Amino acid sequence: MAETTRTSATTIDSAACAPEWTEILRQMIFIRRFEEATEREFRRGKIGGYLHVYSGQEAVATGILSAIQKGDIVFSGYRDHAHALTLGADPCRVMAELFGKATGVSKGKGGSMHLFDAEHGFYGGYGIVGGHLTLATGAAYALRYQQTERIVVCYFGDGAMNIGSFHEAMNIAGLWGKQGMCPVLFVIENNGYAMGTSIERHSALTDLSARVRAYSIQAEKVDAQDVFAVRGVADRVIRQIRETGKPYCIEAVTYRFSGHGAADILQPYRTKDEVEEHRHRDPIMILRNRLREICGLSDDDVKKMEDDAGERAAQAVKFAEESPVPDPRELFTDVVAEHGPQPETES
Amino acid sequence: MAETTRTSATTIDSAACAPEWTEILRQMIFIRRFEEATEREFRRGKIGGYLHVYSGQEAVATGILSAIQKGDIVFSGYRDHAHALTLGADPCRVMAELFGKATGVSKGKGGSMHLFDAEHGFYGGYGIVGGHLTLATGAAYALRYQQTERIVVCYFGDGAMNIGSFHEAMNIAGLWGKQGMCPVLFVIENNGYAMGTSIERHSALTDLSARVRAYSIQAEKVDAQDVFAVRGVADRVIRQIRETGKPYCIEAVTYRFSGHGAADILQPYRTKDEVEEHRHRDPIMILRNRLREICGLSDDDVKKMEDDAGERAAQAVKFAEESPVPDPRELFTDVVAEHGPQPETES
Amino acid sequence: MAEKTYRDAIREAMMEEMDRDTNVLIMGEDIGVYEGTFRITAGMLKKYGPRRVIDTPIAEAGMAGTAVGMAMLGLRPIVEMMTMNFAIVAADQILNHAAKVRYFSGGQVDVPMVIRGPQGAGVQLSAQHSQTFETFYGHFPGLAVVTPATPADAKGMLKTAIRGKDPVIFLESAALYGMKGEVPDDLDFTVPFGQSRVAREGSDVTIVSYGRMLQVSLIAAEKLSNDEGIEAEVIDLRSIRPLDLQPSYASVAKTHRAVVVQEQWKPFGAAAEIAASITEEMFDDLDAPVARVTGEDVPMPYARNLELLATPHEPQIIAAVKKVMYHD
Amino acid sequence: MAEKTYRDAIREAMMEEMDRDTNVLIMGEDIGVYEGTFRITAGMLKKYGPRRVIDTPIAEAGMAGTAVGMAMLGLRPIVEMMTMNFAIVAADQILNHAAKVRYFSGGQVDVPMVIRGPQGAGVQLSAQHSQTFETFYGHFPGLAVVTPATPADAKGMLKTAIRGKDPVIFLESAALYGMKGEVPDDLDFTVPFGQSRVAREGSDVTIVSYGRMLQVSLIAAEKLSNDEGIEAEVIDLRSIRPLDLQPSYASVAKTHRAVVVQEQWKPFGAAAEIAASITEEMFDDLDAPVARVTGEDVPMPYARNLELLATPHEPQIIAAVKKVMYHD
Ligand SMILES: Cc1ncc(C[n+]2csc(CCOP(=O)(O)OP(=O)(O)O)c2C)c(N)n1
Ligand SMILES: Cc1ncc(C[n+]2csc(CCOP(=O)(O)OP(=O)(O)O)c2C)c(N)n1
Ligand SMILES: [Mg+2]
Ligand SMILES: [Mg+2]
């Protein structure tokens, strides 16, 4: 199997100082603050169920989703807050969803694992590992069938690559791609672990991009703690997908700083040192330092961003807290189309 | 992806004339006659259900199963007559199974798709495409866990490689192989088609061996119309599996002469010419010619083999025909263990 | 009205809807070049081309899951399962995705898709290829599950399914494909879900069934009439979810006795729900407990004699009718 | 006897059987290094090593299928599903392979394996993570399906499952993991399948349940006794397949009224089978139709207030009891 190329953006040109990068930094900082708030609110018992936060992986959401266009569609797993937020979902409504409130993006019916915001192109939020890959593949077909130039982005974890639906989706995407009918960007969020199982222990072949090439789908690795690198690949690749209608895969090599979920306190599968080491490659720090060094971003600017982000996260919590719970009648809505051809199920 | 090596036995040495090869020819001819008989009996309405015959692929069953040892275990799909027969299942009882008779190898409960003969190492006979690959993988683990030197052989078609259970089995086999805990030989019976869908239309990457290597499993292609070639690879590879406890995959490139199943009369997916062309590479003819040219096999010898095979097939039909149908009480046996801890299901 | 086979009724429903709405497409294994193992899709690839008649690899989860994605984006995919037995590998895509995404998204998407294919015992297809799935799917909210028993219903209900907004499990019976019946010509002829019908009138006993067993029940009813002078009212449920038992209740109010007929295993089968519901609603009207006629509780055997014993036939229905009428 | 949690009862059953028989092993996701998401397998990897405590990739079909192969070759694998919801992707391996290979091979193999894990509603796990599966599996011959409601049953039935010859679907409830109860110390303490038991004696009404809902039913029964003077007999079914309804019949002969309690959706749920069977057998003894208490027929919502409305609680059971007693 050929060596996997690894892209990294060591050469930074003047475009690096475009205002957009400040926006990306702002967004990454906000995601971090937002996730910290969710962890706090989970401990306070305000958020229920499972909670999977994104801290450490911010460059994957922002680097790629800043490169797509309006009308593009995004699918994700259960670690989905950052994707929804980066697409423009209202943080207040995202937090309200986590609180199980009527004002939530999914009316409080979905929760953390099932954020959904069709208006902003976010098509969920799924809890069965690997289950949404086939959905994304079908969505990509639909967009091409409808003769649009829209594309699909589909996020999933390294661990999801071992389940059958990954395989079926990839092979179908590869086949449809040959007809130019499958404009989808698969993004492996390779954070090294499926819950507590490291890649070496869950994947027979540890070169994940190589696995994807076995479906005749182009794939490349990128150092995803470096949002410049991610964005660089994304720009090029998304253009290609849009032009060709063929799938592509980015293996975003990243790391999660928090536990797998809120219950993963002990983390017996990795050492404190390992986590600490990766904190030296915090994607926020990397971008911030670069903007400081090259573009003259000041400490004050950064401080202001941090404060703003904290403020917005706090506002989201406040909004969520003050929002009403769903009306009990909501229990029975959205089961089937209310005005579909079928009468209500008798009870 | 690296070029796939293709083994072929162009150099024939004196071992080519070992008596074993005559036996293999005899077995291949018998399989052909047996299958022709099943097709006849199907048309006569004596065999029901689905019937998938093996004609054209004889070298895959015989080339590999002549290389295994007593105690080894074989799993197959629904195109399974040849595997059972080559392992030593009584042809009369195999035919009786197809007739749905009490004397059948599965007591008449399984039929063509579910031959089973544990005594001869044949562990079925499965009808869900790809479903048995995980079983074979688990069986291989068991054999190693029990500290035996036994191995598993698992046959499946090219079309089976697109279903989720193939993927999960392969990845698990790859992982367990690293611990030396998965002595299984996966044999792709690549006959170019999944029912009426050619490889180019069902597999995004058409190099099937390369797909298997994406699970860190060694794989190689062999021209499987040439039983010498198949057997050559099998001998080497089986030794390696037994020694290392690691899985291996042989992609046996073959062709089926009959329709997919008995109902596949029109065969709109391939031309008569294509089939005719492949008949020039009939594996029986290839072996027969070689034994004639090199080892002095006479036309008389061949004639005798053909007659014997026809005779034995006819005997099997006679046995099947004269056997009794299952006792009606058999309907309720073998659902759960009769002396297991659970009482019978109340009805 | 014209007489048509169940098979042609299904094909026509699909083709008329594909003519009507370019968002409708079909995918499945060997439905295009091969023209379908049961030839339901014969001629369709030629007419609509490979973008709308998609031959897939053997990947039922992939088929069902991609259909969900297509449906969420506005297409109306029809997935042909070669037989419904193979859809078990797609169960997660159907039960956890198709059935639930409307709900957990708070109603942000429609999921207009149809999963259709034959189910039930054929002739000697043995254990893995002979199952029925109305209970399997019927338990899950978010799905519609239908079991047409006639060519007209096959056509009319398939049109309803294709035009709807929800995932529909459309359960055919291979044994019915050759059956003929009158089918309305109107291009807009549809049969709504959740409306069962009286398939035969009678006053002595109520037989409730659906799908292929409805036809067996009708034959049993004729025999009962001819041989015993017992007039059975036969109800065709038509859809399993939503389930409409009003006509069954009305019938029981008249007959005071009911038999429910289902092809597969008794425990936790569909007949249990129907019997339990009838009892809950009509307890005071019932002169006998609702009887269930079902297949034997064993995996389907291959041998023809055993297979015939495993599945219900007219005699079992007749016996059950006599039992609820205390004629035994 | 010692007091133990349901969680410890399960772990002890597995460890004692692993000590007793080297053919017993366990596999699952994150059961080894991570020690299990519910910590059922804590300490096991250290004690038994990676050949007997196997961390698997996320591949439930792979887990279930390899277990079938192992079992056919004489091992006794236990598969831990992180939650039973994830086993839907393994449905084909369980329903078409584990459940049927004994039959279609004409009885040539035993398939001694256990698939176990928690099911049912937790706290706000929403639609894909809150389902129960007793009906899903209960319909299929070839499987045993059990739903222990106490620590003693959890231990005794798991031992029966591990020592058996057939595939067993062992349905736990995460909500019960912390529950304490007396558990016999005997290493050979087993609880046979297909023997339901009277969990509480009473003479006025029969409540039939299993698993977590059994505990809710017992609380309801206490309330009924204290507040209304109604003495409910509560039957714990313990196993769903095989299903033993004799004690329920005997109880109904005494009480003449029955309520069946089940956590999930009413249509085609387990309660239908139980109600239908009781009615078939005890029709003349019943003073009221058997009532069903079930969850609402909707995918599980996330919001806590909706989730509480979706699942049955004591008040619904009490209301159903009053209804069958015509006290409403
Ligand atoms: C089919 C299925 N099996 C198991 C789970 C439980 N589970 C949830 S997340 C997870 C690990 C996934 O790891 P990965 O795909 O690498 O994503 P990450 O959490 O690292 O982002 C597991 C096992 C599930 N949700 N679905
Ligand atoms: C899961 C599943 N889907 C579909 C089928 C129907 N089916 C039976 S054989 C077959 C083609 C298999 O092709 P391949 O694996 O290449 O084996 P071959 O028949 O060529 O030997 C199909 C689609 C099935 N049995 N199981
Ligand atoms: Mg991961
Ligand atoms: Mg093939």
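Chain letters run A, B, ... following the sequence lines, proteins first, then strands; residues in each count from 1. Both backbone and side-chain heavy atoms feed into the values below; hydrogens, waters and symmetry mates do not. What you see is a predicted model, and the numbers here were worked out from it, not measured in a lab.
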Next item on the list: Output, in order, the C-alpha distance, side-chain angles, deciding distance and verdict of side-chain contact (heavy atoms from CB on, under 4.5 Å) for R241(D) and D297(C).
Entry: CA-CA 11 Å; R241(D) 178 180 275 269; D297(C) 191 22; 2.9 Å; yes
Check: Would M300(C) and K100(D) count as a side-chain contact (heavy atoms from CB on, under 4.5 Å) if you check the C-alpha gap in whole Å, the side-chain angles of each, and the deciding distance to 0.1 Å?
Finding: CA-CA 9 Å; M300(C) 191 63 75; K100(D) 294 186 170 66; over 6 Å; no
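Of the inter-residue distances, the one linking Y103(D) atom OH with S126(C) atom OG reads 10.5 Å to the nearest 0.5 angstrom.
Residues of residues 128-136 of chain D placed with any heavy atom under 4.5 Å of a heavy atom in chain C are listed by number as Q128(D), Q131(D), T135(D), F136(D). At a heavy-atom cut-off of under 4.5 Å, chain C is reached by L286(D), D287(D), A288(D), P289(D), V290(D), R292(D) from residues 284-294 of chain D, listed in order of number.
Contact tally against chain C (heavy-atom pairs below 4.5 Å) for Q264(D), H139(D), H97(D), Q93(D): the top residue is H139(D). For the options N96(D), T279(D), I88(D), heavy-atom pairs under 4.5 Å to chain C are most numerous at N96(D). Options A127(C), A87(C), A275(C), G269(C) differ in how many heavy-atom pairs under 4.5 Å they form with chain D, and the most are formed by A127(C). The choice from G142(C), P301(C), G106(C) that makes the most heavy-atom pairs within less than 4.5 Å of chain D is P301(C). The greatest number of non-hydrogen atom pairs below 4.5 Å with chain D, out of L95(C), N85(C), I240(C), is found for I240(C). Interface remark: of the candidates G138(D), A276(D), P299(D), P299(D) forms the most heavy-atom pairs closer than 4.5 Å to chain C.
Looking at F86(D), neither its backbone nor its side chain comes within 4.5 Å of chain C, counting heavy atoms on both sides. With a 4.5 angstrom heavy-atom cutoff, F104(C) touches chain D only via side-chain atoms. Heavy atoms of M282(D) lying under 4.5 Å from chain C are absent altogether.
Looking at E280(C) and K266(D), a side-chain N of the basic residue comes within less than 4.0 Å of a carboxylate O on the acidic one, giving a salt bridge.
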